[in-house]
Asker: 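The structure that follows is given in the form of structure tokens.
Just so we're on the same page: letters track the sequence lines, and every chain starts at 1. What you see is a predicted model, and the numbers here were worked out from it, not measured in a lab.
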Amino acid sequence: MLYIHNTLTRKKEEFEPIDAADVRMYVCGPTVYDFAHLGNARPIVVFDVLYRLLQRLYPRVTYVRNITDIEDKIMDRARENGETIESLTARTTQAFHDDMAALNALPPTVEPRATQYIGDMVAMIEKLVAKGHAYVAEGHVLFNVPSMGNYGELSRRSRDELVAGARVDVAPYKKDAADFVLWKPSAPEQDGWDSPWGRGRPGWHIECSAMAEKNLGATFDIHGGGLDLIFPHHENEIAQSRCAHDGAVLANYWMHNGFLTVNNDKMSKSLKNFFTVRELLAHAPGEALRLALLSGHYRSPLDFSIEALQAAKAKLDRWYGALRVVAYEPYVDCNPPSSFEGALLDDMNTSLAISHIDKLVNNIHAKRITEGDDAAKNELLSCARALGLLYQNPEEWFKWKPAGQSGLSDEEINAQIAARLAARQAKNYAESDRIRDALAAQGVILEDGPAGTTWRRG
RNA sequence: GGCGCGGUGGCAGAAUGGCUAUGUAGCGGACUGCAAAUCCGCGUAUGCCGGUUCGAUUCCGGCCCGUGCCUCCA
């Protein structure tokens, strides 16, 4: 039985799918104007764990995660670069795919791109205008917030509070200060599409409503995204979709991941504490980054630091050490034991799930389980892979090298080890220790075992 | 001002009305030529003040502190 915290009710609820034969989930994907930063990666990784869990529970899961490839930031950036939005977004989308693959995030079932759904957006806007929920003003089409009686359900804000707290000047053509744009006009030099209201481009919120409708229908099971999207993005998505669909609920469960901070400051470009996934992947393996993102509960704020990343790497070193003991291959996919799964079923308690793996690893070492213990291996790998971890060969894991680092080649290291062995056999420990220290200075750690000397990069 | 979240050992981080995870760091020991890895053992925590209770870190109230959102934001 899966329990998830529903932002709509602010309670943990038992998950009951609309159609158990096809569970449907939508997660807001990136606006591709630059490399993904770590904050962008958190929801991807969090909902990837949920996607994997749902796939174990139900025969079919339709996971839709969009790419927003038309947005003012994209237009601005393309203009700065002197390139078309197509060339910019093709590049940034590829980078996003590469980064997420490095984090072991499975591709979604469908990955709609906003520019391919302009017609659907226009149709939805027309429907909203026809139903009296939207109006045209000075080339814009605006959603009229007072036309929806229960606007504000998700964020639990009343329209009056919103207007009172508004920090932004209200455009004079708005009927109500809370009204938001569905379609806006484009100047001749700006990207735009023809519409019944002239050449223009869609507002951000309508993109997700249209892509969700097209791929998942009027009502689906789970809608996810970052905490900051609750208002206004998700609130407005709900308003658009429900008003276009005669009140039908958009999603039964809303899930939001907490924010990421860096050294306890909110991650921001102005504070220069902004990490892109790409630069972090040069310093640590993707799985270490992924484990760092899963180390706390998904709804809690997560403080990221290089120390936290190193701690995650160290933990994986230990896990891979155990995996090496029970042998990496062969492995046939199987479901994790219920003791582990129970943690994930309880609103994705990844911390508890991780501690379960720690215990498995302890057990493998403590009992000195030997190679070929399939029960131990199956348990370890099924649990780890439920979290999207331990997909590598341990030998490769321990030889991981930061991108672009020159360092010693494997051949050079092996030659040094041979030289050290000769010195040790001659009991020339001064020389053997000198070689070991020299290697350590270059990040190569030697381990003398009964079967000889092995090495790893630390 | 409005709405919300949180304060657990040196650090990270779960859980729980009584049995106080897990990791890491620290200390002692085993193994090792010495290390590393691994093993064994040890210690230290529930922000403050009340209330309910046989018993509160857990439930309730107040206070203090931190933090997020209030139409760019994952």
Asker: Which ones in residues 426-434 of chain A lie close to RNA chain B, meaning a heavy atom under 4.0 Å from one of its atoms?
Answerer: A:Tyr429, A:Ser432, A:Asp433

Asker: Less than 6.0 angstrom from the centroid, inside 45 degrees of the normal: does A:Arg65 satisfy that with respect to the ring of A:Phe47?
Answerer: no

Asker: Using heavy atoms to find the nearest nucleotide of RNA chain B for A:His205 and A:Gly449 separately, return the residue whose nucleotide is more 5′.
Answerer: A:Gly449

Asker: Who are the ring pair (Phe, Tyr, Trp, His ring centres under 6.0 Å) partners of A:Trp455, not counting sequence neighbours?
Answerer: none

Asker: Under 3.5 Å, sequence neighbours excluded: what are the donor-acceptor pairs made by side chains of residues 380-391 of chain A?
Answerer:
{"from": "A:Ser382", "atom 1": "OG", "to": "A:Asn378", "atom 2": "O", "distance (Å)": "2.7"}
{"from": "A:Ser382", "atom 1": "OG", "to": "A:Glu379", "atom 2": "O", "distance (Å)": "3.1"}
{"from": "A:Arg385", "atom 1": "NE", "to": "A:Leu390", "atom 2": "O", "distance (Å)": "3.0"}
{"from": "A:Arg385", "atom 1": "NH2", "to": "A:Leu390", "atom 2": "O", "distance (Å)": "3.2"}
{"from": "A:Tyr391", "atom 1": "OH", "to": "A:Arg52", "atom 2": "NH1", "distance (Å)": "2.8"}

Asker: Can you list everything that forms a side-chain contact (heavy atoms from CB on, under 4.5 Å) with A:Ile4? Sequence neighbours excluded, please.
Answerer: A:Leu2, A:Phe15, A:Ile222, A:Tyr253, A:Met255, A:Asp347

Asker: Please write out the pairs of protein N or O atoms and N or O atoms of nucleotides 15-17 of chain B separated by less than 3.5 Å, giving the distance to one decimal.
Answerer:
{"from": "B:A15", "atom 1": "OP1", "to": "A:Asn349", "atom 2": "ND2", "distance (Å)": "3.1"}

Asker: Enumerate all atom pairs, one protein N or O and one N or O from nucleotides 23-25 of chain B, separated by less than 3.5 Å.
Answerer:
{"from": "B:G23", "atom 1": "OP1", "to": "A:Asn362", "atom 2": "ND2", "distance (Å)": "2.4"}

Asker: Partners of A:Tyr173 by ring pair (Phe, Tyr, Trp, His ring centres under 6.0 Å), sequence neighbours excluded?
Answerer: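 Result, ring pair (Phe, Tyr, Trp, His ring centres under 6.0 Å) vs A:Tyr173: A:His140.
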
Asker: Under the 3.5 Å rule, do the base of B:G4 and the side chain of A:Arg10 count as making a donor-acceptor pair?
Answerer: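 A donor-acceptor contact between them is absent.
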
Asker: Only Watson-Crick and G-U wobble pairs with both distances less than 3.5 Å should count. Give RNA chain B in dot-bracket notation, marking inter-strand partners with |.
Answerer: (((((((..(((.....[...))).(((((.......)))))....(((((..]....))))))))))))....

Asker: Among pairs that include at least one residue of residues 278-313 of chain A, which meet ring-ring contact (aromatic ring centres under 6.0 Å, His included), considering only residues two or more places apart or in two chains?
Answerer: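 Listed once each, the pairs are A:Phe275-A:Phe304.
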
Asker: Partners of A:Ala187 by side-chain contact (heavy atoms from CB on, under 4.5 Å), sequence neighbours excluded?
Answerer: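 Partners of A:Ala187 under the side-chain contact (heavy atoms from CB on, under 4.5 Å) test: A:Glu189, A:Gln190.
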
Asker: Is A:Ser351 close enough to B:A14 that one of its side-chain N or O atoms is under 4.0 Å from OP1 or OP2 there?
Answerer: yes

Asker: Report which part of the nucleic acid A:Arg456 touches: base, sugar-phosphate, or nothing (heavy-atom distance under 4.0 Å, all strands).
Answerer: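 Here A:Arg456 touches the backbone only, sparing every base.
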
Asker: Taking atom C1' of B:C31 as reference, at what distance in whole Å does atom CD of A:Glu447 sit?
Answerer: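 A:Glu447 atom CD is separated from B:C31 atom C1' by 14 Å.
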
Asker: Please identify each residue that fulfils ring pair (Phe, Tyr, Trp, His ring centres under 6.0 Å) with A:Trp397, with sequence neighbours left out.
Answerer: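 Testing A:Trp397 for ring pair (Phe, Tyr, Trp, His ring centres under 6.0 Å), a comparison that skips the adjacent residues, returns A:Tyr320.
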
Asker: Could I get the full list of ring pair (Phe, Tyr, Trp, His ring centres under 6.0 Å) partners for A:Phe180, not counting sequence neighbours?
Answerer: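 Ring pair (Phe, Tyr, Trp, His ring centres under 6.0 Å) check on A:Phe180 returns A:Phe143, A:His205.
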
Asker: Reckon A:Gly39 touches a base, only the sugar-phosphate, or nothing at all at heavy-atom distances under 4.0 Å?
Answerer: base

